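Inspection log for the structure reproduced underneath, given as structure tokens.
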Amino acid sequence: MALTLVIGGDNAGVDYKSALKAQLEKDPRVARVIDVGVDSADDGTFYPNIATAAAEKVAAGEADRALLFCGTGLGVAIAANKVKGVRAVTAHDVYSVQRSVLSNNAQVLTMGQRVIGLELARELVNQWLELTFDETSASAEKVDAITQYENS
Ligand code: RB5
């Protein structure tokens, strides 16, 4: 089933956010892209506000996943992880992107515009869309332990 995605980034990630939004909107695996901003490098909205807005949509079931950008990818991941039920990771290599879904069932992928080249970011997102967590895998019990801690 085609995915609903949230995309966002602060002014240090807006160029990649715009580029990846255009890519995702053309991708048949994507049903809808919800853009939570920012729309320009002049918009000084802080990265935590962008990240939590996106993560709340995932937590509420309004979107399947979120893709977030800032300068490093780190701040948006930290902020998104404050939203209950959300597992956000920063990943700039293919193995980490793969394991973020297959091992950790992360719904949020973050990247740093100041860290990774645009073409690599494009390809990692392309591969990310192919990945699905296996609820019957050995990893499921471990992810459940995160949820149990969060709910305790
Ligand atoms: C710029 O505010 C920069 O600190 C931010 O984009 C991000 O890299 C933080 O983690």
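Whatever order the structure lists them in is the order used to number ligands and atoms, beginning at 1. Bear in mind the structure is a predicted one, so any value in this text is a computation, not a measurement.
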Kindly confirm or rule out an N or O of Asp10 lying under 3.5 angstrom from an N or O of ligand 1.
yes
Can an N or O of Gly73 be found at a distance shorter than 3.5 Å from an N or O of ligand 1?
no
Mark whether atom 6 (O) of ligand 1 lies under 4.0 angstrom from at least one protein heavy atom.
yes
Which protein heavy atom lies closest to atom 10 (O) of ligand 1, and at what distance to 0.1 Å?
Gly75 N, 2.9 Å
Any nitrogen or oxygen of Cys70, side chain or backbone, less than 3.5 Å from one on ligand 1?
no
CG of Leu129 to CG of Leu24, rounded to nearest 0.5 Å, is 6.0 Å
Just jot down the ligand 1 atoms closer than 4.0 angstrom to any heavy atom of Gly71, in number order.
5 (C), 6 (O), 7 (C), 8 (O)
Consider every N or O of Thr72 and every N or O of ligand 1, then say whether any pair is closer than 3.5 Å.
yes
Basic-acidic side-chain contact under 4.0 Å: Lys17, Asp10
no
Would Glu130 and Arg29 pass as an ion pair if we require N to O under 4.0 Å?
yes
To the nearest 0.5 Å, how far apart are CG in Asp144 and CG in Asn105?
9.0 Å
Under 4.0 Å from any heavy atom of Tyr47, which atoms of ligand 1 are there?
5 (C), 9 (C)
Which residue holds the protein heavy atom closest to atom 3 (C) of ligand 1, what is that atom called, and what is the gap in Å?
Arg114 NH1, 4.1 Å
Any donor-acceptor pair under 3.5 Å linking the side chain of Ser103 with the backbone of Ser100?
no
Would you say the side chains of Gln107 and Arg65 form a donor-acceptor pair under 3.5 Å?
no
What atoms in ligand 1 come closer than 4.0 Å to a heavy atom of Ala12?
6 (O)
Give a yes-or-no answer on whether the side chains of Ser40 and Asp43 include a donor-acceptor pair shorter than 3.5 Å.
no
